[in-house]
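What follows is a single structure, written as structure tokens, with notes after it.
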There are 2 protein chains.
Amino acid sequence: MKRHHGMKVEIGKSMGMPALFKGIGLKATAQRQEILQTFYDNEGPMTADQIAAKMSKVDMVTLYRTLETFVEYRLIKKLNLSTGITFYEISDTHHHHIVCSKCNLIEEVDSCEIGTLVPHSKKFSFISEHSLEFFGICKSCAKS
Amino acid sequence: MKRHHGMKVEIGKSMGMPALFKGIGLKATAQRQEILQTFYDNEGPMTADQIAAKMSKVDMVTLYRTLETFVEYRLIKKLNLSTGITFYEISDTHHHHIVCSKCNLIEEVDSCEIGTLVPHSKKFSFISEHSLEFFGICKSCAKS
DNA sequence: AGCTAAATGCAACTTACTTGCATTTAGAAA
DNA sequence: TTTCTAAATGCAAGTAAGTTGCATTTAGCT
């Protein structure tokens with residue numbers, strides 16, 4: 001699933017962000033609303049720094065704490081890709097990523113046939129998550 | 001593929017570690033030999049700290065630099081799992097991992113059917129790497 | 001044995017993230 | 001609509017993992 005211009009997910013407007021926060025028992029602070037709006041306005045995974053850069057002004061401590069809260073309440077997901085830095089993206093569709101080893105461009109891979117690989121779950125009491133990432137050189141890096 | 005006691009991979013002894021380093025144009029220093037031996041003696045992914053703990057004494061700067069060199073020369077592989085800390089493991093068989101979300105126990109998953117999922121490579125000029133990790137709760141954590 | 005590029009190791013730095021604690025604020029109650 | 005309080009914020013300081021600069025040492029050629 002690809003989101004693009006003119007097709008923004010506007011949960012904030014469709015149900016009201018304060019209502020959304022209230023529904024899960026969180027205070028609808030200005031900071032939380034702007035952070036969540038930043039996810040609505042920007043598709044794809046972002047680092048904490050990238051999120052901060054897109055916002056008017058935010059204390060990094062508040063940002064990190066809010067991101068943890070959002071992950072806990074399943075509003076967003078945490079991604080650990082090759083770099084070691086944590087990326088965050090909105091929790092909509094289940095998908096995987098394809099990452100450029102040179103410029104760290106991240107694209108979404110829609111399909112997920114991982115279910116076919118999951119008999120390994122016998123080794124564990126249950127499998128709750130999985131991550132599949134592809135790494136390579138993106139077309140634009142290959143040109144240069 | 002599982003390595004276990006009595007079945008150690010002893011490249012160091014079978015071809016001589018100095019010869020191995022010489023073959024790739026690296027000086028066979030005592031530190032490099034002990035670091036590589038630590039990989040031969042211990043199966044499974046380890047963090048830099050875990051490697052240091054298994055060694056007689058090593059400067060962390062030397063260790064980090066040596067690990068980077070070993071990755072560059074494909075003696076070992078770097079793993080970025082859920083935690084954000086980097087793990088290193090010897091480059092032998094291609095495999096994936098299953099990680100306990102509670103205790104961070106890491107097990108190997110031998111089979112790799114990812115090839116079937118790679119038509120996504122059209123999006124990139126080529127795919128050089130992929131990573132597939134499963135996360136869940138291991139049997140021993142599930143008990144407690 | 002002597003030479004030199006490569007490798008090491010100390011100190012200091014950086015980056016990503018966390019913790020402690022005093023101040024502020026959302027939103028329920030009066 | 002003011003009052004109250006737990007929840008949330010924001011500053012300062014701390015931590016952990018990894019990096020950089022630079023002087024010293026060493027592998028392994030000659």
Using the 3.5 Å cut-off, write out each protein N or O paired with an N or O of nucleotides 17-20 of chain D and the distance between them.
residue, atom, partner, partner atom, Å
D/dA17, OP2, B/Asp49, OD2, 3.4
D/dG18, OP1, B/Thr86, N, 3.4
D/dG18, OP1, B/Thr86, OG1, 3.0
D/dG18, OP2, B/Tyr64, OH, 2.7

Using nucleotides 23-27 of chain C, report all nitrogen or oxygen pairs with the protein that are shorter than 3.5 Å.
residue, atom, partner, partner atom, Å
C/dA26, N3, A/Lys27, NZ, 3.1
C/dG27, OP1, A/Ala28, N, 2.8

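Atom-to-atom, CG of B/Leu36 to P of C/dA7 comes out at 15 Å; the value is rounded to the nearest Å. Between B/Leu63 atom CG and C/dG9 atom P there is a gap of 11 Å when expressed in whole angstrom units. As rounded to whole Å, 11 Å separates atom C1' of C/dC10 from atom NZ of B/Lys57. Note: CD (A/Gln33) to P (D/dT9) measures 11 Å, nearest angstrom. For A/Asp59 and C/dT18, the CG to P distance is 14 Å, given to the nearest whole Å. If you measure from atom CZ of A/Arg32 to atom P of D/dA7, you get 11 Å, rounded to the nearest angstrom. In this structure, CG of B/Leu67 is placed 15 Å from C1' of C/dA7, rounded to the nearest angstrom. With rounding to whole Å, B/Phe70 atom CZ is found 12 Å from C/dA7 atom C1'.
Here the side chain of B/Ser91 pairs a donor or acceptor atom with the backbone of B/Arg74 at under 3.5 angstrom.
Contact annotation: B/Gln31 does not reach the phosphate of D/dT26 (side-chain N/O to OP1 or OP2, under 4.0 Å).
Contact annotation: the side chain of B/Ile106 never approaches that of B/Ile98 to less than 4.5 Å [non-hydrogen atoms, C-beta and beyond]. In this structure, the side chains of B/Thr47 and B/Tyr88 stay at 4.5 Å or more apart for every pair of heavy atoms. Between B/Leu20 and B/Leu36 the shortest side-chain heavy-atom distance falls below 4.5 Å. Between A/Ile76 and A/Leu67 there is a side-chain heavy-atom pair separated by less than 4.5 Å.
For A/Phe87, there are no ring pair (Phe, Tyr, Trp, His ring centres under 6.0 Å) partners at least two apart in sequence or on another chain. Contacts of B/Glu68 classified as salt bridge (Lys or Arg N to Asp or Glu O under 4.0 Å), with partners at least two apart in sequence or in another chain: B/Lys78.
Minimum heavy-atom separation, A/Pro18 to A/Ala28: CA-CB, 3.7 Å.
Listed by first then second residue, pairs satisfying side chain to side chain donor-acceptor pair (under 3.5 Å) with a partner in residues 20-33 of chain B number zero, not counting sequence neighbours.
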